A.B. asks: 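My questions will all concern the structure given below.
Each ligand, and each atom within it, is numbered from 1 in the order the structure gives. For the numbers below, each heavy atom of this structure counts, side chains included, while hydrogens, waters and symmetry mates do not. Computed from a prediction, not measured in an experiment: that's the story for all the values here.
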Amino acid sequence: MTRIPLPLTQFVVKMHSRCDLACDHCYVYEHADTSWRGRPKVIGEEILAKAAERIGDHAAAHRLSAVRVVLHGGEPLLAGPERLRRAAEFLRSALPSGCALDLRIHTNGVLLSREFCALFDELGIKVGVSLDGDRAANDRHRRYADGRSSHPQVLRAVALLREPAHRHLFAGLLCTIDVENDPAAVYHALAELQPPAVDFLLPHATWDDPPKRPAGQGENPYADWLLTVYERWEADGRPFAVRTFESVHRTLRGLSSLTESLGLEPSDLVVLETDGTFEQADSLKTAFDGAPATGLDVFRHSLDEVARHPGIGVRQAGLAGLSAVCRACPVVRSCGGGLYAHRYRGDDEGGGFDNPSVYCGDLMTLINGIADRGNPVGRPVPAQAAEPVVPTALTDRQLDELARGHGGADTVRALARSQLALTRAMLAAAWGASGQRRSAAWDLLSALDRTAPAALDAVLGHPYARAWAARRLAGDLGAGLGPLAALAAAAAVRAGRGDTLAVTVRGGVLHLPTLGSLAVPDGETVVTGSAGGFRVRTADGELITGTDPRWQPVRRVRLAGGWTVALEDLDPQRDSHDHPVEGRLSDTELLDWTGALREAWELLGHDLPGYAEGVRAGLTTVTPLRPGPPGRDVSAAARQAFGAVGIARPATAPILGLLLAHEFQHVKLGAVLDLLDLYDPADTALYFAPWRPDPRPLEGLLQGTYAHLAVTEFWGTRSLAYDGLPGEAADRARTRFALWRQYTAEAVDRLAGSGSLTPLGLRFTDGMRATVAPWLAVPLPAAAERAAGRARQERSPVGG
Ligand code: SF4
């Protein structure tokens, strides 16, 4: 069958073919391939211009929304500032509009100066620096030709990148592993530099030239080394991104890998040498002399022709491109056979690249080791969740709906299903990490999963079902296993099969999530769920049934159209919204909330019809929050509480409707971000949202923009409804509309221009832009625009 090649989106451009260091583990100069000897030292301008043209044509033909170009070497800084400038300028002018350029440079850091940093700032080039750890580790290989250490120069380069003026340029560190280096010392030396990301790289090796395995270090020293680092990284709360570890986490959950050296994602990378020839991945230099060659060059061949090269094709073939041993391997979806170059075997047993990785044992041990240390897969999981943990993918249509800010019922239900799977996985991981082999609660959850899955899902779909697991996985073990037992008991009550479970009560309250609370003495409390209701035997022996007046049920508000939403004022796990929650509502407060929610829901249907259907499909819980200072509305979603919004009841029903829509945008986007990478997590830069005085991480800007799409539409619809009418309410609506449409449009542009959005992120941003653009064209009275301008100058939070 003819292969349809995938477009190439990653380009490594060799700016200079020599290096000012003589690292003895370098794959360019110290391995099998010797092609560097015959190449020009510096890439020519005509080659750069033609390469930029090729990349621009390729991006236009395939409508690529982003490409990544890495300026590489040898040592790329040896090419000098002018050649680097030309490379960036050629690329930026050749790319079609709508295609973002992620431009990086990988350097040994020795020559990095303030002048280079200023240039990279001007040209938008992010900098990755090679550093193998502490001085002893770095000196093991990364030396000058005369044997001098390069460590002080590299630290000076990193210090430059850590200065506030340059911090946004710092892409991370690249650390090549040597198992004779102390992994803990390497980790701490790198962590001290507070990099945004560290890539730990296996030294290039093949079956013909295997990696060193020092005596006494066991069979899989690279896995042991990396697992030691992994444990410290986890213990420190993952202070920086590590693609290897995150890729294992992701692939164990059925998501994509972040690195070519793991997983089954097709390769979309090509290398341009200083003589204008195209080569396959650089790592192939380790296999045999000439291994990376394609016979293609930038002057005679398009990038489509390069993408059709069989050597690139085999790296796009996924499972089918692997050896029989790998295809049958239980961890193949995480491992992917390792880096292509590491599979090479040219001796008599041969096979070329049709082999497992020479690091096979290390890769398997690493993946299983990470799974065993608390990743969802590999842990006891209720029967239904034993299959792929996050099985729900969004369709293209659903993703585009969400990108527009909306999302109908089926789209929001798809998000809810993926969140339910995630909750199951997190509970399994938290239970697994407890180190206990058996517990009655876990056994009951597993049994209910087989016999009463609807009852179990009703409890696990509760927004706060995951809060306990999230805290435990973040290292907070204070809550014990009680909340897990409470979930199991609530599911048993819902199932009504007669199951009995002992729950240890602390703090004088037995809370059954989604059902209600009962004040009981502390101690072991036995809950029995049966068809006729439930009963509780307290620690002091009293028998209490579900009809007892002391039982406080979760109260639900019935809304127009026949759906209900819980007013959650009992669950101790509801305190997840970074704002104090209200206690049990009085009857009067309950009536006030009920009326306000009913009115707000009706207004939402009128004012935000594109959002209301999704809200109805996914909003299960409103958690009353304590009021803020006078004049300030308080509301908050929580990433770990899909389906819930926290709100302090505002003065009017329309504002309650607006807050519901605003917070539900955060709920939806949080679930999208759990499924898809919309931005580069290595970007630690801070971004100003137009409506806030303080800069925030990129995700904060994305969340705020997404929420304000709904705000813009809310005020736009209300402005149109006033249709030229006079009055204070009409003027207020127009002013707020003028302000928020401008804010939101600016924020969309800021996101798109960040350079850190993935192709999916850019597509998402395009959707947001398409929603806000027609609102910008709606004519408004000059007075409204002026009032909005004044509000903006004062940066007053008018109705956001
Ligand atoms: S662990 Fe070994 S056999 Fe399994 S996929 Fe990786 S290289 Fe292949």
A.B. asks: Under a 3.5 Å threshold, yes or no: a donor from one side chain and an acceptor from the other, between T206 and D208?
C.D. replies: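 No pair is found: no donor N or O on one side chain lies under 3.5 Å from an acceptor on the other.
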A.B. asks: Taking 2.8 Å as the limit, list every protein N, O or S atom around atom 8 (Fe) of ligand 1, by chain and residue number.
C.D. replies: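 Result, waters dropped: C326 SG.
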A.B. asks: Can a side-chain donor-acceptor contact be found between H141 and D178 if the only test is distance below 3.5 angstrom?
C.D. replies: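 Checked: D178/H141 side chains pair up, N/O donor to acceptor below 3.5 Å.
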A.B. asks: Run the ring-centre check on H249 versus Y230 and record whether the distance is less than 6.0 Å.
C.D. replies: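 Ring centroids of H249 and Y230 are less than 6.0 Å from each other.
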A.B. asks: Hydrogens and angles aside, do Q640 and R471 bring a side-chain donor and acceptor to less than 3.5 Å of each other?
C.D. replies: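 No, no side-chain donor-acceptor pair sits under 3.5 Å.
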A.B. asks: Would you mind checking if R417 and D457 are paired as a salt bridge, meaning a charged N to carboxylate O distance below 4.0 Å?
C.D. replies: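 Salt bridge: no.
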A.B. asks: Without hydrogens or angle criteria, can the side chains of D224 and Q217 be said to hold a donor-acceptor pair below 3.5 Å?
C.D. replies: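 No - no donor-acceptor pair under 3.5 Å links their side chains.
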